[in-house]
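Everything below concerns the one structure shown next.
Protein chains get the first letters and strands the later ones, always in sequence-line order, with residue 1 at the start of each. Below, all heavy atoms of this structure are taken into account, side chains as well, without hydrogens, waters or symmetry copies.
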Amino acid sequence: MSVASLSDLSAAPPTEKLPPVRGYWASVGNRLRYDYLTIFFLSVIAIIVVLAILAPLIAPFDPTKSHMAYRLKPPGFRNFMLGTDELGRDMLSRLLWGGRTSLLMGIFPVLLATLVGGSLGVAAGFMGGRTNTFIMRTMDVVFAFPSVLLAVAISGTLGGGAKNGMLALTLVFIPSICRVAESATTQVRGLDFVEAARASGGSTLSIVRTHILGNVLGPVFIFASSLISVSILLGSGLSFLGLGVEPPTPDWGLMLSTLRAGIYTQPLLCALPGAAIFITSLSFNLVSDGLRQAMDVKA
Amino acid sequence: MKPMAERDFANPLPINTADRGGRQQPMLLVQSLKKHFPVKSGLLQRQKGAVRAVDNISFSVLKGETLGIVGESGCGKSTLARLLMHLITADACTLVFDGDPVSEIRGITLRDLRKNMQMVFQDSYSSLNPRLPIRNTIAYGPVVHGMAKSDAERLANDLLNRVGLRSEIYGARYPHELSGGQKQRVNIARALALTPRVLILDEAVSALDKSVEAQVLNLLNELKRDFNLTYLFISHDLNVVQYISDRVLVMYLGQVVEIGPVEEIYGNPRHPYTRALLQSRLSMNPAERVTEPPIGGDPPNPINPPSGCRFRTRCIFAEGVCEASQPTLDAVTGDRHPAACHMTDPMSGHTKAAA
Amino acid sequence: MVYDTHALAAPPSPASTGTPLVEVRDLSVEFVSRESTTRAVNGVSFSLAPGEVLCIIGESGSGKSVTMRALMKLHPAKHTRISGYMRVADHEVSAHSEREMRDIRGSHISMIFQEPMTSLDPVYRIGDQIAETVVHHKKCSRADGYARALELLKLVGVPSPERRLKAYPHELSGGLRQRAMIAVALSCSPTLLLADEPTTALDATVQIQVLVLLRRLQQELGMAVIFVTHDLSVAAQIADKVAVMYAGRIVEYGSVADVLQHPAHPYTQGMLASTVSGHMRGQIIEAIPGSPPDMRVRIEGCSFVPRCKSVKPACRRGTPALVDVLQGHQAACANFV
């Protein structure tokens, strides 16, 4: 063997074509590209979100304006494409506007809970010992309540209103997200590259930022995305019970509740907000599953 | 085979030339290093015993040498590495680095120790951050120690080139895009990034295929010469340890049973365990097949090690004295090759003791 | 240390007498995923006489384990494409259904692994596991099953076997667990034992015990063994025949003495040269440069070309076939054509 070949230690033979450099998230994106089911439901979500955002522009009527003469009219009645509700308000406009509240109820609590629960979980996982015990046992206490009951109890105590409803949902989601973050962190913390970072003299904060977060974010993100549909459902549930959004603000859950009266005369009307909740929550759920599959592949 | 060739580099990497204690001062002095992991069980988590992972170990590492550390799984050699790096806290230990006691007044700080002593990990899967391009992994240490990011990345590139990975091709890659051997090169580059004087190599080549292992061993030899390094080479592979080490330390159940120059250990082993280990090496010649295993049984559980000499349960020479008292690694002044066995101590009362 | 210099001559060589026990012809295994196809094994052929020990040597990714698992049909059918002919005794494995395979596995063909916990169930006692296998395949009573279990533990040299029958796998040390796994594998006196690096994870002093045990059992029971390893010295201890695999192909085949003492293929030569021993101190090891090829990329010509030190133009043209270097010693290298 020649000395030259010794310095040419580059382990790839020169003829080999190297695959392109691809970061983790880029490879996740690439895998998602071929997952048509996920792409379909992702576009459904996109459409719903765009419609909700554009509601003020595209809604044909004011969602709160009642036309007392036309109450509980079927879809296609005059200008009311999807009919009217029990107070004669345009269903389409209410559904579009309601999407804003419902999506907000779905996404905002999860975001907030991810921020708080994730931080707590990473802290608990990385510190270990007593800190871990303290944080996690506190979470367990909260977690011990059934989530629906807890949400109802909290917003019941705080009083109605969209803000309080979201706060209640946030509190409900924090423990489970915290738990996911904690277990992911604990797993990563024991790996050699974290030890190596410590051996390089890295401070706790810098190790968490550079080495822990990148590895914990994935699982937490997947879990959080699966919570969005739960959050939409729970939010609608709260509104349905009169604990979330207050009338006359349009909200799918609230609509479902108020339309109950007409369930025998116009069952289709009643089904509309239900369908909206169903489709949205299903889409979020399936996209979350697709994400999990795309992100799960190990190297 | 050709002798090591002189090589020069367009871009010389920094070499740590600090030598505080003088040539004769050992690089590392370890005295009565001890670590027991408590074993808890039951509802109240009461301590039921302790894994005596490292039990009162003393040794020294000379400047510029390679000290090989061999032993079977569970003998505490990996714990030893992590204790020296202060990744786990020792129960008791005096550590002197080049004349300076570590984390004591008038000594050097832990931070400075870690700059001077780095570790190469075994498992190439978990030793690199999967979400970080390898250039950033290497640059992490220098950045933490205050180097500007651009300088650190340039250093990382130089190091990558030095360990045989072309930085323009590999620098931006993620660990999963590299082979096992390539990952181990990155591991080595990371350890070199802080210009250490001592490298602890914990089973650094054990997980590699033979052809790649040979490449990495060649690289380690080159780096040692070019960067003026001292190695602690931990391995279970006796052939590799013999190839690379100047002195060898043999561990059994958390204790040192024998230490000495490599020719002495391999040519004239004094401890029966060392002999058994050496006899367990497999010959490459199919005509030389072993028909009788040199020793039976497995290494005992380190939770409740045998009394007296820990090897006595598997030793064919075990006598009453071996159960009654623990042989010490009596480093008689001037003895370059002590062994912790009653048979080497004329005063022990063992019938086979050399008179 | 006691060396048995006659060990090579000792086992009877039934290879010349009758039909081989195992026959594999042109076996190819591909793993298919949405993004890529990994050609793990590319046209492997070999045969094995009853009572013979074949060592398949290769580095990680060479296809050695994949070849052996294909013989047991252990690869998930969904993502695997297997082609070629495989026969073990009277069973044409390549044509068998999953159902038929289940009867063969554990009775005619058994397998032992590197990690004993992959085949030992952690929640059952050792004795129950062995007895269960015996009862399942031999349709005998439970009492007979337990008697056989005790007999087997004695056979594999487990000290105080009566006590160990009642032990759970986690209560045994590494070496004993390995012995227990061997006992489970031998429970129905298989004619073929497949061993996937069974000693790699063991300590040196324990590895040699297990190797000596395996060789003794193989000779006493007259089993054929296919032993997969990356360690040439393990092959030297246990093999009759050796097949060296590289990039999914057998590149050299022959008796253990021929291959290890007079390697013909540049890869085998490189492997031997890069295996460290003490007398090389201070010298540069003759490492094979580079690393094995990516099996997702189809390679024209000999796959060892990028790392080979004696490349001829012919090497790039086509895949070299196994040709006789000497009687019974074959190598797939253009230098011998």
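Here the CD1-CG distance, from I284(C) to N218(B), works out to 6.0 Å after rounding to the nearest 0.5 Å. With values rounded to the nearest 0.5 angstrom, Q215(B) atom CD is found 7.5 Å from S291(C) atom OG. With values rounded to the nearest 0.5 angstrom, L202(C) atom CG is found 8.0 Å from D298(B) atom CG. Between the OG1 atom of T291(B) and the CD1 atom of I208(C) there is a distance of 9.5 Å, given to the nearest 0.5 Å. Annotation: the span from N285(B) atom CG to L260(C) atom CG amounts to 8.5 Å, rounded to 0.5 Å. To the nearest 0.5 angstrom, L208(B) atom CG is 10.0 Å from H230(C) atom NE2.
Considering every non-hydrogen atom in both G297(B) and V206(C), the closest pair reads O-CG2, 4.0 Å. Across every non-hydrogen atom of A236(C) and S283(B), the tightest pair is CB-O, 3.5 Å. Annotation for A257(C) and P286(B): closest pair CA-CG, 3.7 Å, computed over non-hydrogen atoms. Heavy-atom minimum distance, R215(C) versus V290(B): NH2-O, 2.7 Å.
Of the listed residues (A201(C), G174(C), S274(C)), the one with the most heavy-atom contacts under 4.5 Å to chain B is S274(C). Chain C forms more heavy-atom pairs under 4.5 Å with one residue of P300(B), A276(B), G296(B) than with any other, namely G296(B). Among K210(B), E213(B), M284(B), E72(B), the residue making the largest number of heavy-atom pairs under 4.5 Å with chain C is E72(B).
With a 4.5 Å cut-off on non-hydrogen atoms, A235(C) touches chain B through its backbone but not through its side chain. With a threshold of 4.5 angstrom between heavy atoms, R314(B) approaches chain C through side-chain atoms but not through N, CA, C or O. When heavy atoms are compared at a cutoff of 4.5 Å, V216(B) does not approach chain C at all. In this structure, the portions of Q237(C) lying under 4.5 Å from any heavy atom of chain B include both its backbone and its side chain. Heavy-atom distances place the side chain of P299(B), and not its backbone, under 4.5 Å from chain C.
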- prompt: V276(C) and D237(B): side-chain contact (heavy atoms from CB on, under 4.5 Å), yes or no, with the steps?
  reply: CA-CA 10 Å; V276(C) 190; D237(B) 187 328; over 6 Å; no

V212(C) and E292(B): CA distance, side-chain angles, deciding distance, side-chain contact (heavy atoms from CB on, under 4.5 Å) verdict: CA-CA 7 Å; V212(C) 168; E292(B) 205 58 55; over 6 Å; no

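Heavy-atom neighbours of E220(C) CD from other residues, nucleotides or ligands within 6.0 Å: above the threshold of 12. Residue N301(B) qualifies as enclosed at atom CG: its count of foreign heavy atoms under 6.0 Å is above 12.
Under the 3.5 Å distance criterion, with hydrogens and angles disregarded, a donor-acceptor pair is assigned to the side chains of S211(B) and E59(C).
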